[in-house]
Structures are given as C-alpha cells and as structure tokens.
Number of protein chains: 2
Amino acid sequence: MFSKSCEYGIRAMIYIAGESLKERRVSLKDIAQDIDSPVAFTAKILQQLSRNNLVDSVKGPTGGFEIQPGRMKKISLGAIVKAIDGDGIFKTCGLGLKECSEKRPCPVHNQFKSIRENLCRMLDETSVFELSQGLKDGSTFLRHK
Amino acid sequence: MFSKSCEYGIRAMIYIAGESLKERRVSLKDIAQDIDSPVAFTAKILQQLSRNNLVDSVKGPTGGFEIQPGRMKKISLGAIVKAIDGDGIFKTCGLGLKECSEKRPCPVHNQFKSIRENLCRMLDETSVFELSQGLKDGSTFLRHK
DNA sequence: ATATATTAAGACCTTTTTATCCTTTATTAG
DNA sequence: CTAATAAAGGATAAAAAGGTCTTAATATAT
Ligand code: FES
Ligand code: FES
C-alpha cells in the first residue's frame, strides 16, 4: 500500500507527536529505537518531513524533533503520505494506465474509485494527534514486542 | 497498490477473457500489443498465471492463451492478485509492523481494517468475466489511446 | 572560545522489481 | 518427418527502492 519510507514516516510522526504532547523533544536515535526502524534511513525520511514542515527539527545538544501541539491536529495522515510517496495513491489508475479518467476508464475504474474515495477520506480525516492518543493510553503500538 | 506485474497480469486476464468469449485464442504478442505491456515481461507473468491455472496455454502454431468461458465467472480479481503479489495486501499491517492483529494493533489498525475489508470484498466479488463485459461494449479500456 | 551533541546533506552500497534475451520444449501444418 | 510457430524456462541487465556511511553545519553547555 505505502512504501517502507512512508510507513516509517507515519510511525515516526505519531511517535514524535506523542512525546511532544509530554513536552519532550526526541532525538533520531530515540525515534528509530521506539519505532524499530533503521537509524540512518529514518534520518532521511525525517529530513523530508522536516522540509515539508510536518515536523520541526533542532540541531545541537538537546536538539531533536518535535511537533507543535497546535499543529498536530491539523496534520493528516494524507499529508504525510503525500510528502513521502507523492499523490499517486490518490489519483493514479489501479491497473497502471497512464491516466485515470471517467472519459477512458479501465475495467476496474468504478470499483477502485469507490475504495479510493474511502481511503482518501480516511487519510484526510485522520490526524496525527488523534493517532497519538491510542499510544498514550496503551491501546496501540508502534513496534512489535 | 499493486505491483506492475500484477497490473499487467490483471489487464492480460481481462483481455484474454474477452477474446476467449469470442472463441479466439490469443498469442503473447497480441496480448502485449493490446494491453500495452513489455512482451518478454508479460510472458513471465503469463507463466505464473498459467502455473496457477488461472489461464490455459497451448504451445505451437495456432497456440496461445485462453480461459474457458465456464471458469471466467469463477476467477476473481483477488485470485489474480494473490497469484502474483501474494496475500500481503489482504493481511499485512498498513504501517509495516511484523504482524497485524487485534491483540497488538498499530495506531491506524482500525481505520485500515475497514478499508481493507472493502478492498478484499471487492477483489473477491469481482470476476474476470464481469470485467471483460465493459471491454466488449466499448465502455472500458485496457490501454491509453 | 571550545568541545560536544545533534540534525542536514551527499555519496555510496545492497536488494528487489522490472525488463530483456537466448535456448529449450511442445505442437501444428505441409 | 520436417520446418515453422508459439510458450516455457533460465541467465542476464537496468532501474528503483531500501539502506549505510562520512562529512558538514549548527546549536548548547561549560
Ligand atoms: S482508469 Fe483505472 S482506476 Fe481509473
Ligand atoms: S496492526 Fe497495523 S493495520 Fe493492523
């Protein structure tokens, strides 16, 4: 569904959000540790997210990553996906035709459209803040045990 | 969503079904031409589909690929996807955790679950026969113009 | 000011996916 | 039986994704 980069990116964002709500800025190492991702690769993804202003980064000692509590309700899952994987999943043809359109639909166009609409709505309506809540109350997890 | 192989595979199956309904057996070249896919690569995919008994192949002059009209109503989109991409899309965690379970769900588990259920139902309920109909009446297409 | 901790950036390596090519095997027509 | 045709199978190549490493930039605490 999503690229590995995107999966790590989403997990990182949810983790950072959770810690930011506790007023803790987190380092790359903490993140990679807690979401069980390769450190250097995660760094690259955080750079992308930072350039897209989805997360704030601070260099130097006591530095790290954080998300302003005010912003995290406005950051949707979709925004993260778009920043990392682009908007392909939102609009490209499910069978790989050069374009997806009503004018020249592929055989699965209608079936896909409805599923894609559900997916897009979900991605758009779900915020990072919301997702960080389950983490807090221990009902959801970001890594295997 | 699906791999390129899977996209070509689905397109090939729908095309072969359409031609089989006209009692025409089609060659690899015809298929690649009509679905606009790389010939040799398409051959590989057809081999997989053939090994999985989703399509029948006949060697030699007048040979090619076909699907028994009786079977095509029973071949679902899901069966093709499973034969080529495996069943990952049906059951792996949307955030890449080692397993997707209710016991230890990731933060997006519930949101994903509902979308994945829709997707699975659609893949399971949609048959190749059904998809070949739009092609016949000219309302759907397997390649760009 | 300096040493240190931390992210940013770019070059590089590895694995997987996508794609091609060549040889073998099976089938048909003449 | 032979020549021609078409798929099967295996080896190889190219491109993309996934991942690492080294150096530079920047901020902090002492
Ligand atoms: S044209 Fe294929 S999904 Fe729209
Ligand atoms: S645990 Fe992530 S989707 Fe189920």
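Just so we're on the same page: letters track the sequence lines, and every chain starts at 1.
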Shortest non-hydrogen contact between A:T126 and B:Q111, atoms and distance: CG2-NE2, 3.7 Å
Is there a donor-acceptor pair closer than 3.5 Å between any side-chain N or O of B:T140 and the backbone N or O of B:L135? yes
Is there a continuous path of hydrophobic side-chain contacts, each under 4.5 Å between heavy atoms, that joins A:I16 to B:L97? no
So, for B:I14 and B:V128, which heavy atoms are closest and what is the spacing to 0.1 Å? CA-CG1, 4.3 Å
Choose from D:dT26, C:dT20, C:dT18 the nucleotide whose nearest atom is closest to any side-chain atom of A:K59. D:dT26
Select from A:G60 and B:I31 the residue whose nearest nucleotide in DNA chain D is closer to the 5' end of that strand. B:I31
Validation row: A:D30, A:F65 side chains within 4.5 angstrom (heavy atoms): no
Ranking B:R25 and B:F41 by the position along DNA chain C of their nearest nucleotide, the one closer to 5' is B:F41
From CG of A:L28 over to P of D:dC21, roughly how many Å is that when rounded to an integer? 14 Å
Quick one: closest heavy-atom pair of B:F2 and A:G94, and the distance? CD1-O, 3.8 Å
Closest non-hydrogen contact found for B:P69 with B:S20 is CG-O, 4.4 Å
Taking every non-hydrogen atom, the tightest pair across B:P107 and B:L95: CD-CD1, 4.1 Å
With respect to the side chain of A:F65, which nucleotide from D:dA4, D:dT20, C:dA8 is positioned closest? C:dA8
Any heavy-atom pair between the side chains of B:K74 and B:R71 that's under 4.5 Å? no
Please give me every residue in residues 42-53 of chain A whose heavy atoms get under 4.0 Å of an atom in DNA chain C, ordered by residue number. A:K44, A:Q47, A:S50, A:R51
Please list, by residue number, the residues of residues 4-17 of chain B whose heavy atoms come closer than 4.0 Å to an atom of DNA chain C; answer none if no residue qualifies. B:K4, B:S5, B:Y8
B:G64 or A:F2: which one's nearest nucleotide on DNA chain D is closer to the 5' end? B:G64
Under-4.0 Å salt bridge between B:E102 and B:K113: yes
For DNA chain C, which residues of residues 81-91 of chain A approach it to below 4.0 angstrom with any heavy atom? none
Would you indicate which nucleotide in C:dC21, D:dA7, C:dA8 comes nearest to any side-chain atom of B:S57? D:dA7
Using the side-chain heavy atoms of A:A40, tell me which of these nucleotides is nearest: D:dC21, C:dT28, D:dG18. D:dC21
Locate the shortest heavy-atom distance separating A:V55 from A:E66; write the atom from each residue and the value. CG2-O, 3.4 Å
